[in-house]
Undergrad: 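Below you'll find the structure I mean.
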Amino acid sequence: MNILSSSPEIPTHSDENPLHIAQRQIDRACELLELPVAARKLLRQPLREFHFLLSVQMDDGSLEVFPAYRIQWNDARGPGKGGIRFHPQETVDTVRALAAWMTLKTAVLDLPLGGAKGGVICDPKHLSTPELERLSRAYIRAMSQAIGPDIDIPAPDVYTTPQVMAWMMDEYESIFSRRQPGVITGKPLCVGGSIGRDDATARGGIYTVREAATVLKLDLKGKTAAIQGYGNAGSHAHRLAVELLGMKVIAVNDSQGGIYAESGLDYRKVQEHKRRTGSVVGYPKSEPISTSDLLGLNVEVLFPSALENVITERNAECIEARIIAELANGPTTPEADEILHRRGKYVIPDILCNAGGVTVSYFEQVQNASNFYWDEATIHRRLDDRMTTAFAAVHDTATRHGVHNRLAAHLLAARRVYEAMKARGWA
Ligand code: GLU
């Protein structure tokens, strides 16, 4: 089960393989920081990888086999942390990249955690609830020896839910015959979840947009926003952009298509429409809009909130938004980063913008460990403090070195992980 990484090769040309992108980003930060060779080797590869096959019984009695992964990129700063993604297009290199970005993300937020990520190649939209439960439990049976509150703590990601986390925790606790809620975060409240975890990714992102508007001297009240992706992050961002920033969201989309309304979309009604029909498409008071048209809208804030490689060298010249707030992981390629930077766009990079999720996951763990639970106001205040502090650190680094925010975030994170590795005598 435990296969150590065989140092993935890096091509010299640029491509959109997320792992190659993550490694180029890390190499560049290490180069600028002049880190020693051992530190560079450790930062650009996973410490441990688990590749396994899950044999799951389907409702019709047949057996289906699903490839699954857990990548533990680096745990110098603390136990591994990061979600598990269920997606039909998942690849091991995507999971590797996401684990690398988790390592950088926890470091940018200065959380005492490392970075990890899991994935199962499956299509949860075509699994029944009992099939999904058997798959979730099988994942934990395969990984039970290599996860734990002080080893590696999974959480939700694309297409995994609090219910999935509850099954996973229950399986782990059954194996070890004890209650151990801190093994996984993003759980339902009734089994040790944290208040505020459901909208934490979007809320943290909204706090960073508020901070960006302050440094850019922009007033966002009444201004427009567009949201690409309408899952956990995107749909909560719709509500919070309206409630906390007073913005008008004029376009949103999901994997089925997009909707546009010049006067603004009502989040309650759009969310209700999506709950009923499974998509935002066909929402009555709107016109259809393509993904490329949505990305090119002349809005104040654009929220890429779905998957990787949405803003690339092919469309970066067409992005008109003033602020790009990355609620997704890896939505912008390095080539697009340079184009956006040259065009004066203010990018709030993923490892900062969407870090509210893992930050409240950390709070959830702290609450589980002390078996004492905080109220909503405490969660929101502590999340705001963390996000605001991290935003200021990234913005100051960018200003001081004259680099864009993503590179600044990578410099900050790589230095922090390096310091921990150095203290441990690894590098
Ligand atoms: N999957 C989320 C992320 O990419 C959350 C991870 C966590 O809460 O551990 O940041």
Undergrad: Should W73 and P46 count as side-chain neighbours, where that means a heavy-atom distance under 4.5 Å?
TA: yes
Undergrad: Hey, is CD on E31 packed in by over 12 heavy atoms from elsewhere, all under 6.0 Å?
TA: no
Undergrad: Decide if atom CZ of R381 counts as having more than 12 heavy atoms of other residues, nucleotides or ligands within a radius under 6.0 Å.
TA: yes
Undergrad: Angle class for the H341/H404 ring planes (parallel below 30°, perpendicular above 60°, tilted otherwise)?
TA: perpendicular
Undergrad: Going through the checks in order, is the side-chain hydrogen bond (donor to acceptor under 3.5 Å, both in side chains) test met by Y373 and N368?
TA: CA-CA 8 Å; Y373 288 81; N368 292 153; 2.7 Å; yes
Undergrad: Parallel under 30°, tilted from 30 to 60°, perpendicular over 60°: which one fits the rings of F363 and W374?
TA: tilted
Undergrad: If only side-chain N and O atoms count, and only distance matters, is there a donor-acceptor pair under 3.5 Å linking S361 with R197?
TA: yes
Undergrad: Using atom types as modelled and distance alone, determine if a side-chain donor or acceptor of R134 lies under 3.5 Å from a backbone N or O of Q57.
TA: yes
Undergrad: When you measure from the side chain of T185 to the backbone of E364, do you find a donor-acceptor pair of N or O atoms at a distance under 3.5 Å?
TA: no
Undergrad: At their closest point, which heavy atom of P149 faces which heavy atom of Q180, and how far apart are they?
TA: CG-CG, 3.6 Å
Undergrad: Indicate the ring-plane relationship of F391 and H395, choosing parallel, tilted or perpendicular according to the 30° and 60° boundaries.
TA: parallel
Undergrad: Kindly indicate whether the side chain of T208, heavy atoms from C-beta on, has any atom under 4.5 Å from the side chain of L352.
TA: yes
Undergrad: Can we say R275 and E272 salt-bridge, meaning some charged N sits less than 4.0 Å from an Asp/Glu carboxylate O?
TA: yes
Undergrad: Taking all non-hydrogen atoms of both residues into account, name the closest pair between P349 and R406 and its distance.
TA: CB-NH1, 3.7 Å
Undergrad: Measuring from atom CE of M168 to atom CG of D170, what distance do you get when rounded to the nearest 0.5 angstrom?
TA: 12.5 Å
Undergrad: Shortest non-hydrogen contact from A408 to V394?
TA: CB-O, 3.6 Å
Undergrad: Can you check side-chain hydrogen bond (donor to acceptor under 3.5 Å, both in side chains) on Y267 and E243, steps first, answer last?
TA: CA-CA 10 Å; Y267 65 82; E243 281 185 355; 2.6 Å; yes
